[in-house]
Asks: 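Okay, here's the structure, questions in a sec.
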Amino acid sequence: MKKPCKKWLALTALAGMSLCLSGVHMAGASEVVYDDSNVSITSAVDRYIATNDNPVANIVEGYEEDKDQTLQLGDASNTVNSGKPTATIEEVKAPESATGTVKVNNITGEVTVVDPNAATTEEAVQTTEATPATESTTTQAQATYDNTSTDGFVYALAEPDMTGRAVVTASGSVNIRESGTVDSPRVGNINAGGILTVKEKGSEWSLVTSNGVTGYIKNEFLAFDADAATYAASNLKKVVKINTASLRVRAAANENSETLTLVTEGNAYGIEEIGAGWTKIHVDDSVSGYVRNDYIILDYTGPVAHVVTDAPANSGNTGSTGTTENTTTESTGITTPPSTNIGQDIVNYALQFVGNPYVYGGTSLTNGADCSGFVMRIYADFGYSIPRTADVQGTVGTEVSLSALAPGDLVFYDNGTGSIKHVALYIGNGQVVHASSSTTGIIISNVNYKPPCKAVRIIN
């Protein structure tokens, strides 16, 4: 930096002491007044220096350039420290979780202070047997935001986790036995592609469970863990499962769109399209919509175990599926002998067809049925004639309370419209079996996988 001349410094000093063209006033010096308005500032300085015996000489001669000036902000104060005269920064803090004003020196602006711990929720209207739904907009740890989804929310879905699970890889069906020997009584049966939880993996037999049936299957008919994941990826359908108590299904992929229905935790729903922040699902054959990705996980769907009590059985570990198509009836699929509880017999029979396809307008338990075709055919094989469509099925039998359901009852869903759109068969323990959609086929769901509207009992 160029060192300023003495005349400039003198001018600066005098200007700082209120020098003006019409006169100069300095404390401790005689007042000098200039009447000539055309005199220049520099000549005024010259004249003042000459008249007052160079009063700024000490200032000028004592000036030294500071090459290393730095400003340091104190750690525990608002004072700017530089070794030179100090200044103060004034800061007015706005209250938390409110709108306030922040003022630094003379710069003032409006700010909104957001509490990062506060989550935004949407309370759903309470419906029968449905819990309140939430859509938290709190940022998740795995989430990022950009412009690739409708509302800027991006959340990648992980592949299904098959750790601790096994898949039936044998053709046909596999027996589940009471103990790990071929001579042990059968306690259940599960079709190819069925998914089981492994309770204990043995060297030859493993203890597994599915749909409340627990027993042993020979390892050669199963794939475990990573092998199960590989098999499932090639042979099974992916579904969405809900991982929050109750979640809104939207008409479009944003939180301002219409709520079509509610879906509940643990249930599987068919996938129509996976997006950056939202996934379009088939709730069932009557409604499709969008759910937020941060409240769902991907999984596989497949057959589940059903109870078999006709032990002891032959020594084979695999056998016929017991669901061979018959041109008149499919009653040959019954593996549980009749009991005094016809409702439970109907349930046991229906569970054998879990994993089979959904076909709109179909009535085949093996080749494909829709929701009403499925329950109509199940009841027909037990000698009951019920109407073909769900809305008319809801008008027969005896209406029962949703809080007093028994195995074999029919449960109906209206999507909040007041007109029945879907039907399922109650199997007990808060669950139903139904021909859900083309993307899931025949599956087991919780009775409140979406809000039910009524139930009827066909069995006298």
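If you're wondering where the values come from, they're calculated on a predicted model, not measured in any experiment.
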Asks: Given Val423, which of Val411, Val375, Asp284, Val432 fulfils the side-chain contact (heavy atoms from CB on, under 4.5 Å) condition?
Replies: Val375
Asks: Under 3.5 Å, side chain of Asn356 to main-chain N/O of Leu365, donor-acceptor pair present?
Replies: yes
Asks: Ion pair present between Glu272 and Lys280, side-chain N to carboxylate O less than 4.0 angstrom?
Replies: yes
Asks: Are the side chains of Arg248 and Leu262 in contact, using a 4.5 Å heavy-atom criterion?
Replies: yes
Asks: Is there a side-chain contact between His282 and Thr440, using heavy atoms and a 4.5 Å cut-off?
Replies: no
Asks: Can you name the residues that form a ring pair (Phe, Tyr, Trp, His ring centres under 6.0 Å) with Tyr300, not counting sequence neighbours?
Replies: none
Asks: Any chance you could lay out the side-chain hydrogen bond (donor to acceptor under 3.5 Å, both in side chains) test for Thr261 and Lys421, step after step, and finish with the verdict?
Replies: CA-CA 13 Å; Thr261 190; Lys421 303 293 184 182; over 6 Å; no
Asks: Once salt bridge (charged side-chain N to carboxylate O under 4.0 Å, His left out) is applied, what residue pairs with a partner in residues 191-205 remain, sequence neighbours excluded?
Replies: Glu204-Lys218
Asks: Kindly indicate whether the side chain of Val263, heavy atoms from C-beta on, has any atom under 4.5 Å from the side chain of Val240.
Replies: no
Asks: With Phe224, which residues qualify under ring pair (Phe, Tyr, Trp, His ring centres under 6.0 Å), at least two apart?
Replies: none
Asks: Scan side-chain atoms only and decide if Arg250 and Ser257 contain a donor-acceptor pair under the 3.5 Å cut-off.
Replies: no
Asks: When rounded to the nearest 0.5 angstrom, what distance separates CG in Asp391 from OG in Ser372?
Replies: 8.5 Å
Asks: For Arg165 and Val198, which heavy atoms make the closest approach, and how far apart are they?
Replies: C-CG2, 3.8 Å
Asks: Would you say Glu255 and Arg292 make side-chain contact, with heavy atoms under 4.5 Å?
Replies: yes
Asks: Heavy atoms only: give me the nearest Ile195-Ser210 pair and the separation to one decimal.
Replies: O-OG, 3.8 Å
Asks: Which heavy atom in Ile427 sits nearest to a heavy atom in Leu351, and how many Å separate them?
Replies: CD1-CD2, 4.0 Å
Asks: Determine the sole option in Thr209, Ile190, Val174 for which the side-chain contact (heavy atoms from CB on, under 4.5 Å) test with Leu196 is passed.
Replies: Ile190
Asks: Quick check: does any side chain N or O of Asn254 sit under 3.5 Å from a backbone N or O of Asn256, one acting as donor and the other as acceptor?
Replies: yes
Asks: Does the ring-ring contact (aromatic ring centres under 6.0 Å, His included) test come out yes or no for Tyr349 and Phe382, once each step is laid out?
Replies: CA-CA 10 Å; Tyr349 178 55; Phe382 281 81; 5.5 Å; yes
Asks: Please report the interatomic distance CG(Leu410) to CG(Leu405), rounded to the nearest 0.5 Å.
Replies: 10.5 Å
Asks: What pairs meet the ring-ring contact (aromatic ring centres under 6.0 Å, His included) rule with one or both residues in residues 434-460, with sequence neighbours excluded?
Replies: Tyr413-Tyr449, His422-His434, His434-Tyr449
Asks: Please name all residues satisfying side chain to side chain contact (heavy atoms under 4.5 Å, CB included) with Asn243, sequence neighbours left out, ordered by chain then number.
Replies: Tyr295, Ile297
Asks: Are Ile296 and Leu247 close enough that some pair of their side-chain heavy atoms sits under 4.5 Å apart?
Replies: yes
Asks: Do Ser419 and Thr417 pass the side-chain hydrogen bond (donor to acceptor under 3.5 Å, both in side chains) test, and can you show the C-alpha distance, the side-chain angles, and the key distance before you say yes or no?
Replies: CA-CA 5 Å; Ser419 177; Thr417 65; 4.9 Å; no
Asks: When rounded to the nearest 0.5 angstrom, what distance separates CD in Gln393 from CD1 in Ile386?
Replies: 4.5 Å
Asks: Strictly by salt bridge (charged side-chain N to carboxylate O under 4.0 Å, His left out), give each pair with a member in residues 223-240 just once, sequence neighbours left out.
Replies: Glu159-Lys238
Asks: What are the two closest heavy atoms between Val187 and Gly215, and how far apart are they?
Replies: CG2-CA, 4.3 Å
